[in-house]
Amino acid sequence: MNNIIFLGLAGAGKGTQAQILSDTIGIPMVSSGDLFRFHLSNKTELGIEANKYMSIGALVPDDTTINMILQRIGEEDCNNGFILDGFPRTLEQAESLHKAVNGQINCVVYIEVAENELVKRLSDRVICTIKTCNAILSKSAIGGIDSNCPKCDKPALSQRKDDLPEVVENRLKTQIPLIKQLVDYYNNKDILISVDGEQNVDMVESEIQMKLGINQ
Ligand code: AMP
């Protein structure tokens with residue numbers, strides 16, 4: 001069983017690293033933010049409800065979020081494990097997850113990045129809206145948002161509304177005290193590893209794989 005959680009503030013690189021690890025060890029990545037955005041793009045009731053919170057940088061209520069994630073990790077492709085990105089974000093979510101999997105969490109990877117670096121990264125972030133691509137990119141590195149996605153070559157790049165500066169500040173303000181609680185919670189269970197998220201993507205990946213004992 002490979003049940004792994006990625007913890008980190010918005011922009012720390014959780015999604016990127018969770019995807020790399022998922023591709024490396026063949027365990028599905030489950031991202032709460034991607035699930036909410038998927039629901040919203042399909043205009044489901046859940047998506048429309050969640051967007052009321054997402055658009056202002058607030059957390060979606062625990063009940064809704066917990067139900068969505070527990071249902072997703074109960075699907076067949078998660079029989080050998082899951083890699084969670086963006087969940088849990090509150091102690092209540094962590095406790096519900098712990099109960100649902102009978103304490104079977106192997107490891108929590110905490111990606112640490114300073115707050116001022118996060119603000120810079122989030123305002124530069126663009127994503128590919130093609131569901132099968134989902135690339136996360138740097139606007140300055142690819143020369144703007146109007147070019148085609150360098151990964152799938154489709155004209156589908158977009159800046160997340162919650163990456164706009166006024167929302168970013170609110171997201172980080174909400175997240176900082178909560179993440180401290182989660183770090184303590186998993187540290188007390190002795191399953192937390194910390195990784196320096198200010199290195200480049202490859203170096204963060206290497207540090208994670210080394211600390212998880214994955215042969216590269
Ligand atoms: P993310 O893509 O992880 O940055 O999430 C985008 C937004 O989705 C967040 O700002 C929240 O509004 C919502 N969201 C994602 N995960 C959670 C969670 N575990 N609990 C509550 N809200 C969440």
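Start at 1 and go down the list; that is how both ligands and their atoms are numbered.
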### Query
Among E207, M210, M203, whose side-chain contact (heavy atoms from CB on, under 4.5 Å) with V195 holds?
E207
### Task
Would you indicate whether the side-chain heavy atoms of L137 and L157 approach each other to under 4.5 Å?
yes
### Task
Identify, chain by chain and in numerical order, each protein residue with a heavy atom under 4.0 Å from an atom of ligand 1.
S32, G33, F36, R37, M54, A58, L59, V60, T65, G86, F87, R89, Q93, R160, D162, R171
### Message
Quick check for you: to the nearest 0.5 Å, what is the distance between L46 atom CG and N67 atom CG?
### Response
9.5 Å
Salt bridge (charged side-chain N to carboxylate O under 4.0 Å, His left out): which pairs involve [range], sequence neighbours left out?
range: residues 175-190; result: none
range: residues 58-76; result: R72-E75, R72-D77
range: residues 16-43; result: D34-R37

